Amino acid sequence: KTGEMSGCPFHGDSQMRTLLGRTNKDWWPEATQLDILTEQGKSANPYGEDFDYAEAFNAIDYKALKEDLTALMTDSQDWWPADYGHYGPFFIRMAWHAAGTYRTGDGRGGAGTGQQRFAPLNSWPDNGNLDKARRLLWPIKQKYGKNISWADLFILTGNVAIESMGGPVFGFGGGRKDVFEPESVYWGTEEQWVNEGVATRIQPKEGMALENPLAAIQMGLIYVNPEGPGGNPDPLESARDMRETFARMAMNDEETVALTAGGHAFGKAHGAEPADTFGGSPESEALELQGFGWLNDEDEIGKGHITTSGIEGSWSNNPTSWSHDYFRILFKYDFELVKSPAGAQQWTPINPDEADMAPDARDPSKKVPTMMTTADMALKMDPEYRKISERFLENPEQLDDAFARAWFKLCHRDMGPKVRYLGPEVPNEELIWQDPIPAGTVPSGGAVSDFKAKVLDSGLTVSQLVKAAWASASTYRNSDHRGGANGAHIRFDAMKNWAANDPDELGTVLSKLDELRGDISMADAIVLGGAAAVEKAAKDAGYDVSVKVTTGRGDAHEDQFDAESFEPLEPFADGFRNYLKTKANVRTEDMLIDKAHLLGLSIPELTVLVGGMRALGANSGNTSHGVFTDRVGQLTPDFFTNLLDMGTKWEIVDGSGDEEYVGSDRKTGEEKYRATRTDLIFGSNSQLRAQAEVYAEAGSEEKFVKDFVAAWTKVMDADRFDLS
Ligand code: HEB
């Protein structure tokens, strides 16, 4: 049961699987699990902590690499021969499926870390046979080694493939650093794959909408089922699914049409044999297959009889060069529904001219019919898509431009600001989805200390200043590197007015900071205000600390801010501020863990931040939940000492939907504190309790202050990619 209330994240079977949905262990219980070796903070990254990928990438002979990739395109291997003697289309699909897992909802997925190498993605039905594409690339990966990550190589290879077939490209930015373990991403709760007959996630007739943050309509798909929703070959319903799922990738109708039509100018679908003639997915296959899955019969492979999706045929009459024949054929003919040799539903042109037929993938002297999937038919049948398709048909140069730009966005959407891009092919043009921020200036030390003194003197409270800085910086997402304090986006109404931010109070703080800041950017002023407040709070608790602020942040202009694209950054829950917008199916404390993960925090950092924020009175709505102290505004570990005090007995507040708790004196019964799930998890969960104990131990006050300042600074600087 998934997807009932769109908008709320992570609806699903919350009791069992919380944020993860099904894990690799659930899918492949037999597979060797390595997790025990990454316990206790041991890294799986063989390059080590000090490896600087940017430096390695910049040292590469980029031209030689691209030449090698170009040569690879037509270097057909007997173990997996190239259709039409050209691997280009196959590599485009590899790159698109690497990038296409991205979703705006939580910024997770995407090409950024080379996840296609690992389960579950390496074994998703929709990624069928892409194990072969990656293996074809291995000699080049091997040759260039640490200087090119797999993650960059997937995308660059897609680009070179398009170029080598005469297609338009807009640019390439490197900088995707590989990881060496599967990332825990919530892909859904279904226990079956798309091809095992489960219901689709979008069923509007039953009032269901696609569950957030998921972007595919079934488990194991990148976006939609090519045969139509749940295998039903209805182009209009397919259009509905496409519109919804592509929007989750931040693609509008025009981008969706351009990407699909442009992509399907190339290559073919594979359904030459019934689906039961090939083996299991890579993760499930026998040891001797060495990571290969979906094995087709070797004799049949030689003949070009390959099965991947089950659909058979190419879209265009010249599948290895860029052309506008996709739309020409789509509109020239009527299409009828037929079945592929593997039994898949697909559409074929009625009475095609010989010139509009395609070459056979292995024998260019043979002509075979072209096809369209139900999803392709949507581009003609859906009235909105059709308008765009007809415009592209009549103005092919518009398709060229739209495809090149949408492809670039698809492949770079999860990379964050442009300063993270590397290499000689980064386009100069500033693109709104990159959340551009003008370069900032570094104010003098005098101006900074002056400003901080004025702020503390202005009547603004520690709590207000801390809340404003947190509201700004905590928008950062380590998943797609968006958000953060740089740019001061928080001052734009669309973000300022998020309920979590207490808009009126935040508005007052921001105006005051603006009034006092002089030449200091607003983005820096917000962070400096927070630093001044934390220093004061520490001092009032008896500790002289200085909170390091690296100034130089810039302020985005209003026209550099796409309000709609920032919507997914609004917190549904922010446990650091004890904020919960709407109760999700996932437990509120688990939303805190999710937020900490998006901020890139460790367990100790998460712990010390929550405890410190409570002491500083930084709750949204200025509630008293978790504020277990009578000296609010001082940076003390009181949250932990009082939480762990056996003198307090906790009970659930009836009617609070399990969200509120009351703590009373165990002897007198007198009420002492109120708390949320997010507070009490630090006493209830054994691992978090172990952390809480450290900060509640006698003599830990100073450690607490230092650790808080370090974690705080980490959050403030999380988006400072402009610093080398
Ligand atoms: Fe695609 C292929 C579906 C989108 C590009 N596709 C393909 C296939 C299918 C599809 C079924 C076949 C596979 C096999 O092999 O069998 N798509 C689809 C859908 C969609 C899409 C449903 C949504 C609507 N594509 C797309 C995009 C792109 C693409 C966006 C890019 C841009 N594809 C592609 C290519 C290919 C494909 C290039 C071919 C491959 C080869 O040849 O190998």
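Whatever order the structure lists ligands and atoms in, that order sets their numbers, starting from 1. In this text, all values refer to a predicted model and were calculated from it rather than measured experimentally.
- With a 4.0 Å cut-off on non-hydrogen atoms, Leu259 touches ligand 1 through its backbone as well as its side chain.
- Between Trp96 and ligand 1, at least one pair of N/O atoms sits closer than 3.5 Å.
- Between Trp322 and Phe266, the two ring planes are tilted [angle within 30° to 60°].
- Regarding atom 31 (C) of ligand 1, its nearest protein heavy-atom neighbour is Gly263 CA, 3.6 Å.
- The aromatic rings of His264 and Tyr326 sit tilted relative to each other, their planes meeting at an angle between 30° and 60°.
- Contact of the Arg103 side chain with the Val185 side chain is registered, since non-hydrogen atoms from C-beta on lie closer than 4.5 Å.
- Residue Lys268 has at least one N or O atom closer than 3.5 Å to an N or O atom of ligand 1.
- The ring pair (Phe, Tyr, Trp, His ring centres under 6.0 Å) test with Trp96 singles out one residue from Trp407, Phe91, Tyr223, Phe154, and that residue is Tyr223.
- Scanning all protein heavy atoms for the shortest distance to atom 24 (C) of ligand 1 gives Met242 CE, 3.5 Å.
- Remark: ligand 1 and Thr373 share no N or O pair separated by less than 3.5 Å (distance only, no angle test).
- Looking at Thr373 and Asp376, their side chains do bring a donor and an acceptor atom within 3.5 Å of each other.
- Scanning the protein for heavy atoms near atom 15 (O) of ligand 1, the closest one is His270 ND1, 2.5 Å.
- For the residues Gly267, Ala375, Ala265, the heavy atom positioned nearest atom 22 (C) of ligand 1 is part of Ala375.
- The closest approach between Trp315 and ligand 1 falls below 4.0 Å for a heavy atom of the residue.
- Across Met94, His264, Arg93, heavy-atom proximity to atom 13 (C) of ligand 1 is greatest for Arg93.
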Evaluation steps, salt bridge (Lys or Arg N to Asp or Glu O under 4.0 Å), between Asp83 and Arg362: CA-CA 6 Å; Asp83 300 331; Arg362 292 286 175 284; 3.2 Å; yes
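- At least one heavy atom of Trp407 sits closer than 4.0 Å to an atom of ligand 1.
- No hydrogens or angles considered: a donor-acceptor pair under 3.5 Å links the side chains of Glu183 and Thr113.
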